[in-house]
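Everything on this sheet refers to the single structure shown next.
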Amino acid sequence: MFRARGMQEDTRSMTPEQGETPFASVQRPRPLPVLVLADVSGSMTEHGKIQSLNLAIASMVRALARERSPRGEINIGVITFGGRGVALHQRPAPASSATWADMEAVGGPDGTPMGDAFETARQVLDDEEMIPARAYDVTLVLISDGRPTSEWRPQLDRLLSSERGARSLRLAVAIGPETGSAAYRVLESFVGDPLYPVVRAEEADRIPEIFKYLTQSMSIRVNSARPDDASVFDPGELADLSD
Amino acid sequence: MTAPASSRRNRRRIYRPGDMVHDDRGETLQLHAEIGGGGQGTVWSLTGERAAVKLLKPESQIGAGDLRERLAAVRRFDLAGIPIARPLSLLVGDEVGYTMELLAGMTAIGSLATVPPQELVDEWFQNTGGLRRRLRLLALGAEALDRLHSRGLSYGDVSPGNILVSVRSEHDQVYLIDPDNVSVHAQPVKAAHVTPGYAAPELITGTSGQDTLTDAFAFAVLAFETLALVHPFRGDAVDQRIELEASAFRGEWPWIDHPTDHRNKSSHGLKRDMVLTKGLRRLFSLTFEEGLRHPERRPSLREWHDKLDQAALLMLACPACGGTYHTALSRCPWCRGSARPPVVLCDVHGLVPAGAVPGTAGEAETDRLRSLILAAHQPQVVAARTGLLRLDRGPSEVPVDPGEPLVELAWDGRRQLMVRRVGRHEVYVANRSARRSAQLVVGEIWPLDLTEAGRWTIHFGRKNEIHRFIRIRLPRQGA
């Protein structure tokens, strides 16, 4: 979707037939990227968790595709991590042109490779073809039902010290893990800001509500005068979303 | 009083459609949609769309008491004849804000400046009224601000979300919201009060407060963005690195069209010579070059109104694609298929009849004050702001609105030009050399034969008083 060095090429790729018109050099709105890091390990198959997550993300993509704000264009990407390793399930793309394919949760030798997902996220953030330099800061959303089964700390540190990673806004959703548990603390380290609580959902049926909040908030941001102002994610409201 | 932690919870930062607020008239109001806003807060239409509410952000640090005083001051100003929302009531409870009048069917002018996602740029540009409507709406915005300025008031927060325009492209209405910053004082403000990207550098650095010159800067940014579809300080260098924006908005970078300093040049936006007249290009360079650091060099809103209005009057519609463009171009720049149709040029002058000014002998006329263009089968209405010498002296006690129509002109592309009087103001047509003249009554249509010897003139006023008139210049073929 995006080429390196920004929107000039991008405009042409979207409307190639306009290459010569007076409008060829008119810029599209600045991308406002959301990158979801989704746990698809074996345990996500239980209690309808993966189905619920698929439905929630699909409905988020559909809702955000309808946004017509001139201030920004929401781009959505999804990284999955599970038994078969890490995959860039959905390359960051404008919500309007994203076609959502359901994720599949499977157990496997890789367990819950969250660390590798952090590494992939860092690479995506560094890649100007996926996150153009002119994009607003990225919102990262990590959703998991357990603790990493392999090393994660060094990868997280690298992500958080990367240029885009450091500036990103991070939210985390724990499906199941109790507050204070080891798995929960991993998510807290990811968020890295004591102001923002990890949202905790006891059961899978809470997932749609959390994504609805996320969808609404991104919609408010992209329509506001300052899409880079992340204060839409009110710590109090995040706390209210937890069980 | 509540503790800081709980007040953060009570006073929300983010509002959603359907949220309820309460005002001091005891009414419960439901938020409908966010329609605009600037640095201090957001403006929402209320369910029913007849009123709007401004909700101040906690960081604007304006308390309910301050706000009450400010609104009381605004109510004392004479805002008659200016399309600006009057404050109605104050909010009570946890929110700080106020309600104001709203016209239905309005949207932020910013919607004309940036392309919404998923729309084809050319379709969007033309469907929202193209170049002529953008010039007209900006001219009306400048006129409204100029009227405030001429009463010694500044507006304070000119931004894409504070000037509303008609949603429908066949309507051209402009309405200022957010009246609480209207002020006679220039006092330094906190950074939270200004809209980044529009606030003049001296406001951002806090070296000076809002005044008519900061309004002029913000308006120039908005006008450039609306016409060229690129922000004047968001060049390629700044656009690629969002963290450079702040310094560009402080005036530390040259503007994108700076003639000698190319550090911030832009490869984006519509070609300036296509969308800006020479007069407008001069105002932009004055504002963004010398005027960047020397506010007093910035052109006034009166000059902006003058040049924007003149530019709009020189637009004609392409018979092939419907796009509007400047008469000086030899073919339509939008579809590039169609040569410019022939046009009649109508020059507006002032006329001083013999004896109207004591101590002068003969009749005299002024230089050209305005020109307007007539293309075949594209009727034009001449409004009071173009044709009348003075707007404060109508034929009755009723004040004259600048948009009041005087005559409609229609040219058949050959020899006949129809003049129809459509308003309450006196109109007569004359052909001096042919010794013909006629007074028109309301609704009367007078055909002028352009092949007749001599030149026809159309006058707005009485023969023995100073007034303006239009001189018809013979058709020019497209180049």
Side-chain angles (χ1 to χ4, degrees), chain A residues 5-8 11 14-15 17-18 20-32 64-75 94-97 128 132-137 163 167 213 216-217 219-226 228-237 239-240, chain B residues 5-6 8-10 12-17 33-34 36-39 42 57 59 108 110-125 159-161 195-198 228-231 234 236 238-243 245 266-271 274-275 323 333-336:
Chain A
R5 297 288 146 208
M7 294 305 274
Q8 200 175 359
T11 309
M14 282 190 180
T15 49
E17 75 282 11
Q18 284 189 12
E20 296 299 311
T21 84
F23 294 102
S25 58
V26 174
Q27 278 188 312
R28 311 293 313 186
R30 227 182 247 289
L32 177 59
L64 294 180
R66 289 195 293 267
E67 288 298 339
R68 290 280 188 286
S69 168
R71 303 253 169 69
E73 180 164 46
I74 297 173
N75 284 23
S96 53
S97 56
E128 279 209 10
R134 65 190 293 270
Y136 290 111
D137 287 347
E163 194 188 333
R167 291 209 315 262
Y213 172 81
Q216 269 192 2
S217 305
S219 154
I220 289 173
R221 272 180 74 181
V222 81
N223 284 294
S224 79
R226 302 263 318 270
D228 54 332
D229 178 0
S231 64
V232 58
F233 296 107
D234 183 275
E237 288 179 348
D240 291 347
Chain B
S6 69
R8 194 185 64 221
R9 294 284 288 120
N10 287 341
R12 308 177 44 149
R13 299 163 62 88
I14 297 302
Y15 298 89
R16 290 161 204 263
E34 188 176 337
T42 53
K57 292 179 189 163
E59 61 265 34
S111 64
L112 300 177
T114 32
V115 196
Q118 308 141 54
E119 296 209 21
L120 290 173
V121 185
D122 50 354
E123 278 177 22
W124 162 81
F125 186 80
S159 73
T195 307
Y198 301 88
L229 304 184
V230 58
H231 189 288
R234 203 176 275 140
D236 292 349
V238 169
D239 187 60
Q240 287 298 312
R241 294 179 55 198
I242 202 167
E243 65 273 19
E245 265 189 359
S266 172
S267 48
H268 297 294
L270 295 172
K271 283 213 179 85
M274 235 171 79
V275 292
W334 310 115
C335 67
R336 282 167 302 173

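Only heavy atoms go into these numbers, but all of them, side chains included; no hydrogens, no water, no symmetry mates. Chain letters run A, B, ... following the sequence lines, proteins first, then strands; residues in each count from 1.
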Check A:Pro22 against B:Leu270 and note the closest heavy-atom contact, atom names and distance.
O-CD2, 3.3 Å

To the closest 0.5 Å, what do you measure between CZ (A:Phe23) and CG (B:Leu229)?
7.0 Å

Taken to the nearest 0.5 Å, the spacing of B:Arg16 CZ from A:Glu237 CD works out to 5.0 Å

Report the distance from atom CG of B:Asp239 to atom CZ of A:Arg30, rounding to the nearest 0.5 Å.
5.0 Å

Enter the distance from B:Gln240:CD to A:Glu128:CD here, rounded to the nearest 0.5 Å.
6.5 Å

Would you say A:Gln27 and B:Thr114 make side-chain contact, with heavy atoms under 4.5 Å?
no

With a 4.5 angstrom heavy-atom cut-off, could you sort out which part of A:Ala95 is near chain B: side chain, backbone, both or neither?
neither

Checking heavy atoms, do the side chain of A:Glu67, its backbone, both or neither come under 4.5 Å from chain B?
backbone

Can you name the nearest heavy-atom pair linking B:Pro116 to A:Pro29, along with the distance?
C-CG, 4.2 Å

Chain B contact via A:Ser217 - side chain, backbone, both or neither, heavy atoms under 4.5 Å:
both

One should read off an interatomic distance between A:Arg134 CZ and B:Asp236 CG, to the nearest 0.5 angstrom, of 10.0 Å

Between A:Arg28 and B:Val121, which heavy-atom pair has the shortest distance, and what is it?
NH1-CG2, 3.7 Å

So, does B:His268 use its side chain to make a donor-acceptor pair with the main chain of A:Ser25 at under 3.5 Å?
yes

